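Proteins come first, then strands; the chains are lettered A, B, ... in the order of their sequence lines, and each starts at number 1. A quick note: this is a predicted structure, and the numbers were derived from the prediction, not measured.
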Number of protein chains: 2
Amino acid sequence: MILSGFAIRHKIVGGGHRQILSIHMRGEAVDLQNTLLRTSDHSVQMLSRGDVALIARSKIEQLAFERPAVGKAMWIDTLVDASIHREWVANIGRRDAKTRIAHLLCELSLRLKVAGLGDQDNYEMPLTQEQLADATGLTPVHVNRSIKYLEAEGLIERISPRSITIGDWRKLADFGDFNSQYLHLQDGEPALA
Amino acid sequence: MILSGFAIRHKIVGGGHRQILSIHMRGEAVDLQNTLLRTSDHSVQMLSRGDVALIARSKIEQLAFERPAVGKAMWIDTLVDASIHREWVANIGRRDAKTRIAHLLCELSLRLKVAGLGDQDNYEMPLTQEQLADATGLTPVHVNRSIKYLEAEGLIERISPRSITIGDWRKLADFGDFNSQYLHLQDGEPALA
DNA sequence: CGAAAACTTGATTCCGTTCAACACATGTGG
DNA sequence: CCACATGTGTTGAACGGAATCAAGTTTTCG
C-alpha cells in the first residue's frame, strides 16, 4: 500500500529490454496479485523515495473473507487493475507512438488528480522519458520526439521537461483516443461498487 | 462460462484497428470483470459456434461471499487473468514479431493442453492469421511471414495451415522467450490456491 | 462445384530504431 | 568555488522491421 511516492511493476524480457506493466501512486495497493498467487510473475519497484505500508498476507485474506464489503472492494481493485492492463495492451498494440504517449498523458492526468497529486490540466510527470519509453514499448528517443510533437501541435505545454500543462483537455483526449471509462472512476473517485 | 468453442475479448481503437485482449477456452469464466464492474470496457465474442453457460450476477456475488472457498477461487481466477494481461503487455511491447508469435504459440500450447483440447506439441490453432495479428499487434501479412519463418527454422511444422506441431518444445520456448510461470498452473492444472 | 474466406508471396514505403553528439541541470569531492 | 562526473533531455542522420499495396493460391464449406 503506497502512502507517498510512485511505484512501478515491470518485467525484463529476453533481449534485456524492460517493459513497465503499471504505474502506482498514493493510495493504491500494488501487490494483491503477489499476495494471493504465491509465485510472483514480475517485479515491483519504487521510482523515488516514498513510504509504503506492508500488510501481512494472512491479514489480507482474513479481512477479505470476514468483512464482505472489504473483500468486495479488494476484488474490485484487482478488476480495475486488470482493466487498465487491457487498455495498455490496446494502447501498445494498436496505437501509433504519438497517440500512445498522448493517451498515457491523459491517464496520468486523471489518476494524479484522483490521488490528489496534481490538477487535471497541470501536473508533474513522475516518469523520466526513458521510463515512459519502457511503459509504452518505444525508445527514449522516440518518446522525446513524440512529446515534442505534441508540444509543437499545442496539445501540451512544458515550462520544464517534467511539467505537463494541458491547454485543451478535450483536444488531447481526442488526439490520444482516450476514454476514461476503463479507469472505472465514479464522480472522480475510485470505483467501489 | 465456456463449455465448448473459443471466445475472445477485444477492443476497437480510434483508427478502427482491433486489439484482441485475451483468448478463452473451455472451462474458463470469461466475464467476471463485467459482472462486478458495472460498465463494460471491452467486447466479448465467440470465435466459432460453441456453448456457454450464463450465470446471473447476483448468483455470482452470493456464491462468492457465502462460500469462501468458491470466492477465493473466483478471485484467483481474476488474478491469473491479470497476470496473463501483463505478459501480453510485455510480449507486445518488447518482443519482435517472430518472438512474439512463438511466445503466443507456446501459451496456446499449454492452455489447450490444460483444457484437454490438444497435445502440448501438436494442436489445432483456434485463430485465423488475421486474429493472430489482432492479438499480437501485428498485420496479418507479417504474422504469416513470422509463422513461415518459424517453420523454415524447424521450430514448428504444419501439415495444414492451422495445425501446429512443435518438434522440440524447449527450443520453441527458448526462441519465444517463454516461461510458463505467468500462467500460474500447478501440475498442469489451473491454480486454485 | 463454386464462392468466399483464409493463406501466401512480392515490391515498396514508412514509422520507429539505432547510433552518435551535444545540451543542460544537479550534485559531489577536491 | 570550480572541475568533473552523472543522469536526463534534445537533436540529426542512417537504417531496418513491420506496414502497406497488390496479386495470386489454397482451403473451407454451403
Side-chain angles (χ1 to χ4, degrees), chain A residues 6 8 13-20 45 47-49 91-105 124-153 156-164 175 177, chain B residues 6 8 13-20 45 47-49 91-105 124-153 156-164 175 177:
Chain A
F6 294 89
I8 57 168
V13 304
H17 290 106
R18 179 172 77 152
Q19 176 66 46
I20 292 179
Q45 186 186 322
L47 282 188
S48 51
R49 216 167 293 285
N91 199 33
I92 295 171
R94 286 297 188 214
R95 295 196 184 103
D96 67 22
K98 293 161 188 161
T99 313
R100 213 182 290 181
I101 294 291
H103 189 280
L104 183 55
L105 291 182
E124 192 74 7
M125 166 60 60
L127 305 182
T128 66
Q129 291 182 3
E130 186 175 9
Q131 290 160 349
L132 282 173
D134 285 339
T136 51
L138 298 167
T139 54
V141 173
H142 205 57
V143 165
N144 183 277
R145 289 184 169 125
S146 301
I147 291 177
K148 283 279 170 182
Y149 173 88
L150 295 177
E151 199 177 8
E153 288 294 301
I156 59 171
E157 285 140 61
R158 302 184 309 154
I159 49 175
S160 77
R162 300 287 199 95
S163 92
I164 303 293
F175 181 88
D177 190 23
Chain B
F6 294 89
I8 57 168
V13 304
H17 292 283
R18 179 173 75 152
Q19 177 66 46
I20 291 180
Q45 185 186 322
L47 281 188
S48 51
R49 218 168 295 284
N91 199 33
I92 295 172
R94 286 298 187 215
R95 294 195 185 105
D96 67 21
K98 294 161 187 161
T99 312
R100 213 183 291 180
I101 294 292
H103 189 279
L104 184 56
L105 292 181
E124 192 74 8
M125 166 59 61
L127 305 183
T128 66
Q129 291 182 3
E130 186 176 9
Q131 289 159 348
L132 282 173
D134 284 340
T136 51
L138 299 167
T139 55
V141 172
H142 205 58
V143 166
N144 183 277
R145 290 187 166 123
S146 301
I147 291 177
K148 284 280 171 181
Y149 172 88
L150 295 177
E151 199 177 9
E153 288 293 302
I156 60 172
E157 285 139 61
R158 302 183 310 153
I159 49 175
S160 77
R162 298 287 201 97
S163 92
I164 303 292
F175 182 88
D177 189 24

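Comparing V141(A) and R94(A), the nucleotide of DNA chain D nearest to each residue sits closer to the 5' end for V141(A).
Summarising the geometry, the separation between NE2 on H142(A) and P on dT11(D) is reported as 15 Å, rounded to the nearest angstrom. Atoms CG (D96(B)) and P (dT18(C)) sit 11 Å apart, rounded to a whole Å. Rounded to an integer number of Å, the gap from CE of M125(B) to P of dC7(C) is 10 Å. For the pair L47(B) CG and dA5(C) C1', the computed distance is 15 Å after rounding to whole Å. Nucleotide dC7(C) holds its C1' atom 12 Å from the CD atom of E151(B), rounded to whole Å. Rounded to whole angstrom, the span from the CG atom of L127(B) across to the P atom of dA6(C) amounts to 12 Å. Here the P atom of nucleotide dA6(C) and the CG atom of D134(B) are 12 Å apart, to the nearest Å. Computed from coordinates, the E130(B) CD to dT28(D) P distance equals 17 Å when rounded to whole Å.
The distance from atom CD of E130(B) to atom CG of N144(B), rounded to the nearest 0.5 Å, is 12.5 Å.
Contact between the side-chain N/O atoms of N144(A) and the OP1/OP2 oxygens of dT10(D) is found at a separation under 4.0 Å.
With hydrogens and angles left out, the side chain of R158(A) and the base of dG9(D) share no donor-acceptor pair within 3.5 Å. The base of dG12(D) sits with one of its N or O atoms less than 3.5 Å from a complementary donor or acceptor on the side chain of R145(A).
Among the protein residues, T139(B) comes within range of the nucleic acid bases, having at least one heavy atom under 4.0 Å from a base atom. Contacts of R162(A) with the nucleic acid, taken as non-hydrogen atoms under 4.0 Å apart, involve only primed sugar atoms and P, OP1 or OP2.
The shortest distance between side-chain heavy atoms of I92(B) and Q19(A) does not fall below 4.5 Å.
Checked by atom type and distance alone, the side chain of E157(A) never pairs as donor or acceptor with a backbone atom of I164(A) at under 3.5 Å. Between the R100(B) side chain and the R95(B) main chain, a donor and an acceptor come within less than 3.5 Å of each other. R94(B) contributes a side-chain N or O that, together with a main-chain N or O of L138(A), makes up a donor-acceptor pair within less than 3.5 Å.
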